[in-house]
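Notes follow once the structure below has been shown.
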Amino acid sequence: MKSLPGKPDIVLKKYRTVIFVNGCFWHGHERCKYFVIPQTRTVWWTEKIRKNKERDSEEREKLRGAEWNIIVVWECQLKPKQRMSSLSVIESLLQQSFLNMNRRTTAPAYSPAMIAKTGEVYK
Ligand SMILES: [Zn+2]
């Protein structure tokens, strides 16, 4: 699965879902205490992080285009205090995408079984 855009950390084929675990600094987690632009080379760092974020959103665009569900987990959300609640959010997101996926594939415009029954009636 190395060929997927952005090289997701976790690929759950069954759920058609990819999970990114983003480092708060490198991916520029807004309003996060772990995302602080260094005092030196500030312009360079700002530009660097801006480009990272730009690339992130391009890659996500591609994944969405290929109908992948995308979950982004931030590093800070996996710290011990927050981990359990973050994981339960992920769990419910996965359930949702699984349900959506099944809805798409098991709700055809007509039911083949019904057509077969109708055929029997006219025999
Ligand atoms: Zn963060």
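Because only heavy atoms are used, hydrogens play no part in the values below, and waters and symmetry mates are left out as well, while side chains stay in. Just so you know, ligand 1 is whichever comes first in the structure, and atom 1 is the first atom listed for that ligand.
- Under the ring-ring contact (aromatic ring centres under 6.0 Å, His included) criterion, the residue pairs touching residues 74-93 are His29-Trp74, with sequence neighbours excluded.
- In this structure, Trp26 is not a member of the same hydrophobic cluster as Val73, with clusters built from ILVMFWY side-chain heavy atoms closer than 4.5 Å.
- Aromatic pair Trp68/Tyr15: centroids not less than 6.0 angstrom apart.
- With sequence neighbours left out, the side chain to side chain contact (heavy atoms under 4.5 Å, CB included) criterion links Ser57 to no other residue.
- Protein-derived N/O/S atoms nearer than 2.8 Å to the Zn ion (ligand 1) total 4, waters excluded.
- Listed by first and then second residue, the salt bridge (charged side-chain N to carboxylate O under 4.0 Å, His left out) pairs involving residues 17-44 are Glu30-Lys53 (not counting sequence neighbours).
- The cationic atom of Lys79 (NZ for Lys, CZ for Arg) lies less than 6.0 Å from the six-membered ring centre of Tyr34 and within 45° of the ring axis.
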